Amino acid sequence: MDFVCPNCHKRFATDPGAEQIACASCGKPMARTQQVSQILETWYWPRRWYRDVPKPSLNFLLEMLWTADGQGEKLFTAVAPPNVNYQSFVHQVTRAIMKGVDAGWAQLEVPEDPFADNPIYKLSYLDSEKFADAVTALFPNVDWDETITVEEPLAEEVKG
Ligand SMILES: [Zn+2]
């Protein structure tokens, strides 16, 4: 598919499933979050007129992935950050995971056919200690006596 380089804004074609994409013009490697965002846009393009197909976003996809099966509530209860509501908690953790995807401690797998009707994305924590550290850093007012445990997220479908 065609990607647009966030650095030099030139268009280039490459395999969307590649582990690491680099711009054909300037050579700059593309961040994983950029790669998946552009794949989601390309997926959405032919479906943009369907009223029942919401535009997918990377942020929402990651949120769905890590909070699935009650994991969001479970982590919220375990961390119990003072004066932070669940929604704000989810928002902050999602942003931390987004950074983790680019930093490499979280892995967001591109589906085999990312342009199928309902492509399934998978998120895994390659380094759950780093995930715990990232969550700890978000909420400095928490008394971190107990170690938080992180369970592997499930796969999520982008609905077409
Ligand atoms: Zn470039």
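Remember, it's 1-based here, ligands and their atoms both numbered in the order they're listed. In this text the structure is predicted, and so the values were computed from the model without any measurement.
A salt bridge is defined here as a Lys NZ or Arg NE, NH1 or NH2 lying under 4.0 Å from an Asp or Glu carboxylate O, and Arg11 with Asp2 meets this definition.
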* Would Leu126 and Phe131 count as a side-chain contact (heavy atoms from CB on, under 4.5 Å) if you check the C-alpha gap in whole Å, the side-chain angles of each, and the deciding distance to 0.1 Å? -> CA-CA 9 Å; Leu126 300 180; Phe131 177 50; over 6 Å; no
* Is there a salt bridge (charged side-chain N to carboxylate O under 4.0 Å, His left out) between Asp69 and Lys74 once you walk through the steps? -> CA-CA 9 Å; Asp69 199 29; Lys74 223 183 249 179; over 6 Å; no
* To do: Before giving the answer on side-chain contact (heavy atoms from CB on, under 4.5 Å), spell out for Phe76 and Val90 the whole-Å C-alpha distance, their side-chain angles and the decisive distance to 0.1 Å.
  => CA-CA 8 Å; Phe76 181 64; Val90 166; over 6 Å; no
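Closest heavy-atom contact between Tyr44 and Lys55: CE1-CA, 3.5 Å.
Protein N/O/S atoms closer than 2.8 Å to the Zn ion (ligand 1), listed by chain and residue number, are Cys5 SG, Cys8 SG, Cys23 SG, Cys26 SG.
Put simply, the side chain of Glu112 never gets that close to the backbone of Gly17: no donor and acceptor are under 3.5 Å apart.
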